[in-house]
Amino acid sequence: MAVIIETSIGDLTIDLYTEERPNCSKNFLKLCKIKYYNFSLFHCVQRNFIAQTGDPTGTGRGGESVYFSIYGEQARYFDMEKNPIIKHRRMGSISMVNNGSDMHGSQFFVTLGENLDSLDGRHTVFGFVSEGLDTLGKLSEVYCDREGRPYQDVRILHTVVLDDPFEDPRGLPIPDRSPSPTKEMLESGRLRIDEEIDGMKDKPKEEVDELIAQKEARARATILEMIGDIPDSEVKPPDNVLFVCKLNPVTSDEDLEVIFSRFGSILCCEVIRDQKTGDSLCYAFIEFENREDCETAYFKMDNVLIDDRRIHVDFSQSVSKVRWMGKGTGTGHFADGRDFRDKKKNAVDIYEDEPDELPWKLKEQKRGGKQYDLVFSDEEGDGKKSPSSRKRKQRPQSRSRSPDRREQPREQPSEGKRERRSRSRERERRERDSRENRDRENRDNRDRERENRGKERERDRDREREKEKERERNRESDKFRDRRERDRRRSPERHQRSHRD
């Protein structure tokens with residue numbers, strides 16, 4: 001027996017187990033015949049699990065059997081059918097919902113996955129979806145909240161009974177036509193089934209592309225914030241810094257500062273160089289005191305010839321000079337252009353109001369260049385060193401030491417320590433000698449094997465040459481024998497001819 005359920009996302013054709021589940025099948029068929037399920041909401045959808053419906057109130061707490069309209073309150077529910085056992089093994093199984101007391105009303109659900117053993121024995125399977133599995137796929141992919149309620153309504157629009165083997169109960173109110181829905185039935189607080197959710201449908205293509213690009217940029221910024229490359233997804237580069245590229249390698253910081261200083265006061269001008277070789281990487285950053293001077297330089301200096309190279313000027317997109325104030329406190333930028341990527345440099349500004357709590361002290365050292373470097377030393381007089389300073393290698397004696405560093409007396413090793421060190425060095429020396437001897441023997445063995453293989457190949461070549469000579473001699477001997485045989489056969493004929501003459 002088949003029933004067609006027309007939903008807002010597609011049609012479902014349902015076959016019923018009328019012989020195995022007569023009560024559930026009869027209740028379902030009669031409810032479909034009186035149009036009880038029309039405009040019922042799928043109030044609970046769980047992806048790859050189930051989709052529940054059959055409650056006219058749309059709350060999941062209502063619904064009555066078909067006998068309620070005939071016999072009243074005492075027939076609101078009917079007993080579930082447990083035999084024969086039918087399991088939820090196939091996708092599209094139709095089951096009546098258990099109300100908690102092994103009773104059924106009007107609510108049912110359709111399975112969106114296979115082998116759902118947790119539902120067996122608790123809910124009664126009375127049919128399956130024979131056509132419309134693509135509709136079940138769409139139903140499983142709808143967007144829902146945490147309670148499984150779809151954000152956009154998915155409803156049963158109409159039910160069509162193709163075959164009904166059961167007689168209609170006396171007094172069953174069968175309507176002549178499908179009733180029209182009321183306003184209360186369609187009011188769910190969510191998007192209606194006919195409501196358009198595409199906000200970009202009426203917008204021009206250029207605006208849509210711009211919105212999509214903005215969303216992708218925000219997504220990339222969020223990813224960079226998650227992996228720690230930027231302090232905040234909303235961080236923006238400073239608007240008074242220019243990025244200059246395509247520079248000549250001979251162009252220096254002073255040259256650029258002199259050239260760009262005619263547009264306004266410059267706080268920092270730095271050509272980026274290789275950390276190991278010190279060679280120019282042919283691009284630089286120039287920080288102006290105010291934004292207007294930076295904009296003027298941007299419009300005037302792009303594609304200008306400097307040191308036989310036409311440079312390209314653009315606004316900087318780097319956020320390396322932006323200081324992260326901490327989680328939840330935002331970001332800030334310092335006008336002097338200092339680099340706050342180092343945690344120790346952050347500590348200087350964090351403790352600038354409380355100098356007594358500053359855990360590091362600046363060395364009295366002249367700045368060698370125009371880069372914003374801060375050099376830190378340990379606190380003087382506390383007698384303790386940080387883990388990083390303990391790991392630092394000892395500097396040569398020829399270098400000048402800071403006044404706050406004092407020579408500590410070197411502890412002399414005891415006799416037992418010296419003896420253990422000497423034994424350890426002797427053991428290491430013997431192991432090193434043994435390794436060298438093994439390596440030397442292995443090399444000698446490889447050389448001998450290589451020499452033996454060479455001699456063997458030479459002997460093989462000599463044997464081949466001897467065999468070739470022997471074959472040549474045999475061929476010459478065969479030729480000589482054949483010639484003698486021909487001469488011997490010809491000699492009697494010559495003798496007879498001379499006798500006749």
Side-chain angles (χ1 to χ4, degrees), residues 1-46 48-56 60 63-67 77-99 102-140 154-169 172:
M1 304 303 111
V3 176
I4 297 178
I5 297 180
E6 300 176 4
T7 70
S8 57
I9 59 175
D11 298 343
L12 299 175
T13 301
I14 298 176
D15 288 343
L16 304 178
Y17 300 123
T18 55
E19 296 182 359
E20 294 85 354
R21 298 286 188 265
N23 293 336
C24 293
S25 300
K26 182 178 180 180
N27 177 71
F28 182 75
L29 285 171
K30 301 311 176 183
L31 289 176
C32 291
K33 184 173 285 188
I34 65 175
K35 310 304 178 183
Y36 184 85
Y37 290 127
N38 283 21
F39 301 100
S40 293
L41 184 70
F42 281 89
H43 57 269
C44 181
V45 179
Q46 302 180 42
N48 299 326
F49 188 52
I50 63 169
Q52 186 173 340
T53 184
D55 181 12
E64 303 87 11
S65 69
V66 69
Y67 306 105
Y77 303 106
F78 64 94
D79 294 332
M80 66 180 297
E81 298 172 296
K82 299 182 179 180
N83 294 314
I85 298 175
I86 303 177
K87 297 185 177 181
H88 300 77
R89 290 186 176 178
R90 63 192 301 172
M91 179 179 178
S93 298
I94 307 295
S95 293
M96 297 299 296
V97 176
N98 191 337
N99 67 349
D102 293 343
M103 305 286 285
H104 296 319
S106 64
Q107 293 191 41
F108 66 94
F109 64 83
V110 54
T111 59
L112 304 178
E114 299 177 349
N115 299 321
L116 303 180
D117 300 334
S118 61
L119 303 175
D120 296 339
R122 299 173 55 190
H123 308 279
T124 304
V125 180
F126 67 96
F128 63 93
V129 176
S130 58
E131 296 180 9
L133 295 180
D134 55 341
T135 304
L136 294 182
K138 297 178 183 178
L139 186 59
S140 180
V154 180
R155 295 182 180 273
I156 296 176
L157 302 179
H158 190 62
T159 55
V160 179
V161 179
L162 300 182
D163 188 11
D164 184 5
F166 304 102
E167 294 183 1
D168 297 336
L172 183 68

Checklist entry - Which atom names give the shortest non-hydrogen contact between F78 and G105, and what distance separates them? => result CE2-O, 3.8 Å
Checklist entry - Under the salt bridge (Lys or Arg N to Asp or Glu O under 4.0 Å) rule, what pairs show up with a residue in residues 84-95, not counting sequence neighbours? => result none
Item to check | Evaluation steps, side-chain contact (heavy atoms from CB on, under 4.5 Å), between Q107 and N99 | outcome: CA-CA 9 Å; Q107 293 191 41; N99 67 349; over 6 Å; no
Item to check | Non-neighbouring partners of E64 that pass side-chain contact (heavy atoms from CB on, under 4.5 Å), sequence neighbours left out | outcome: Y36, F68, R76
Item to check | Sidechain-backbone polar pair: T53 side chain, L41 backbone, donor-acceptor under 3.5 Å | outcome: yes
Next on the checklist: How close do V45 and L139 get, counting heavy atoms only, and between which atoms?
Outcome noted: CG1-O, 3.3 Å
Next on the checklist: Is it the case that the side chain of R21 and the backbone of P84 share a donor-acceptor pair, with hydrogens and angles ignored and the cut-off at 3.5 Å?
Outcome noted: yes
Item to check | Worked check of side chain to side chain donor-acceptor pair (under 3.5 Å) between N23 and N27 | outcome: CA-CA 6 Å; N23 293 336; N27 177 71; over 6 Å; no
Item to check | Steps toward side-chain contact (heavy atoms from CB on, under 4.5 Å) verdict (S8, F42) | outcome: CA-CA 10 Å; S8 57; F42 281 89; over 6 Å; no
Next on the checklist: Please report the interatomic distance CD1(I94) to CD1(I14), rounded to the nearest 0.5 Å.
Outcome noted: 4.0 Å
Item to check | Evaluation steps, side chain to side chain donor-acceptor pair (under 3.5 Å), between H123 and N98 | outcome: CA-CA 6 Å; H123 308 279; N98 191 337; 5.4 Å; no
Can I get a per-line list of side-chain donor-acceptor pairs under 3.5 Å for residues 125-135, giving both atom names and the distance, sequence neighbours left out?
from : atom 1 : to  : atom 2 : distance (Å)
S130 : OG     : T13 : O      : 3.2
T135 : OG1    : D11 : O      : 3.4

Checklist outcome for this item: Heavy-atom closest pair (C32 atom, Y37 atom, distance to 0.1 Å) is SG-CD1, 3.8 Å
Item to check | M80 to R122 - nearest heavy-atom pair and separation | outcome: CE-O, 3.9 Å
Next on the checklist: R155: which residues meet the salt bridge (charged side-chain N to carboxylate O under 4.0 Å, His left out) condition with it, sequence neighbours left out?
Outcome noted: D153
Item to check | Non-hydrogen atoms of P56 and G63 that approach each other most closely | outcome: CD-CA, 4.1 Å
Item to check | Euclidean distance, S65 OG relative to F28 CZ, rounded to 0.5 Å | outcome: 14.5 Å
Item to check | L136/L12 under side-chain contact (heavy atoms from CB on, under 4.5 Å): CA gap, chis, key distance, verdict | outcome: CA-CA 8 Å; L136 294 182; L12 299 175; 4.0 Å; yes
Item to check | Close side-chain approach of L29 to P165, heavy-atom, < 4.5 Å | outcome: yes
Checklist entry - Any side-chain heavy atom of F49 within less than 4.5 Å of one from C44? => result no
Next on the checklist: As an exercise, state the distance from CG of N38 to CG of L31, rounded to the nearest 0.5 Å.
Outcome noted: 11.5 Å
Checklist outcome for this item: OG of S25 to CZ of F166, rounded to nearest 0.5 Å, is 5.0 Å
Next on the checklist: Let me confirm one number: the OH-OG distance from Y17 to S93, rounded to the nearest 0.5 Å.
Outcome noted: 6.0 Å
Next on the checklist: I need the minimum non-hydrogen distance between G60 and H43, along with the two atoms involved.
Outcome noted: CA-NE2, 3.4 Å
Checklist entry - Which residues pass the side-chain contact (heavy atoms from CB on, under 4.5 Å) test with L162, sequence neighbours left out? => result A2, I4, V160
Next on the checklist: Do D102 and K82 have side chains that approach each other closer than 4.5 Å (heavy atoms only, starting at C-beta)?
Outcome noted: yes
Item to check | side-chain contact (heavy atoms from CB on, under 4.5 Å) between F108 and V110, intermediate numbers included | outcome: CA-CA 7 Å; F108 66 94; V110 54; 5.7 Å; no
Checklist entry - Looking only at atom types and distance, does a side-chain atom of H104 sit under 3.5 Å from a main-chain N or O of V97, one as donor and one as acceptor? => result yes
Checklist entry - What pairs meet the salt bridge (Lys or Arg N to Asp or Glu O under 4.0 Å) rule with one or both residues in residues 28-45, with sequence neighbours excluded? => result K30-D164, K30-D168, K33-D164, K33-D168
Checklist entry - What distance separates K138 NZ from L112 CG, expressed to the nearest 0.5 Å? => result 14.5 Å
